[in-house]
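Working notes, structure below.
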Amino acid sequence: MSCPLPDSWCRWLGDEFQASYMQSLRDFLAAEKAARKVIYPHSSNWFRAFELTPLDRVKVVILGQDPYHGPDQAHGLCFSVRPGVPVPPSLKNIYKELADDVGFRPVAHGTLESWARQGVLLLNTSLTVEQGSAGSHRGRGWETFTDRAIATVSAHAEPSVFLLWGSHARQKKALVDTGRHLVLESPHPSPLSAHRGFFGNHHFSRANAFLDQNGREPIHWQLPDSPESAP
């Protein structure tokens, strides 16, 4: 399989698509589809995070676990949902922290493409999921690929910020060169845990301060009122 990513990513990750684990993953996904299981997101969006955020533009990495497993939600960016879909609870809490931290004005949609286009890599550690079955594609090979992607950012991107929310994401700190990049950790924004330290973490202003200190353009966190007006 040829590399389906932008050239900046293919330079470092292209060989992964020839690896045995990736072939096993392709076989698994093909078998799931043959069994008429519904897989999210659509295959055209599996690598959407990489397409919208080339390696040479990465400034911030936000890690999620699985794609959303409900109809019409997932489109390849962690925490983000397709236009017209209600804002999920964790993203509502992200908006609350943004409002307190940087004066973010909450919007009525949950589409985060404008962040991705500015250099926020919105990466799930597993890039597919079966409808209605959270975690169903874990351990099938995606984590090997996304670990390599995280390590690639660490090794080859300009100084960036890794926002690691929750125990699953925080395990990835070992992949990051903390001498070059800023790692910020907190509990997950889920309603089950946000009150234990996600609220008040000031990660968004701290990320922008680090980018500014390193001569990089800060992220404009305010989302457009309509996802269709995203740059």
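Model, not experiment: these values are computed from the prediction. Below, each value reflects all heavy atoms present in this structure, side chains not excepted, and no hydrogens, waters or symmetry copies.
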State, without any angle test, whether [X] and [Y] hold a side-chain donor-acceptor pair at a distance under 3.5 Å.
X	Y	answer
N93	E97	no
H75	S80	yes
T128	W46	no
D101	H202	yes
H42	S44	yes
E16	Y21	yes

Would you please classify the geometry between the Y95 ring and the F104 ring as parallel, tilted or perpendicular, with 30° and 60° separating the classes?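 Tilted, since the angle between the ring planes falls between 30° and 60°.
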Just say parallel, tilted or perpendicular for the rings of W221 and W115, cut-offs at 30° and 60°.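 W221 vs W115 ring planes: perpendicular.
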Given the side-chain rings of H137 and F28, with only the six-membered ring counted for Trp, is the space between their centroids under 6.0 Å?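 Yes: the rings meet the under 6.0 Å criterion.
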Does any N or O in the side chain of [X] come within less than 3.5 Å of the main-chain N or O of [Y], such that one atom is a donor and the other an acceptor?
X	Y	value
S154	D177	yes
R196	L192	yes
R180	A157	yes
Q118	H220	yes
Q222	R105	yes

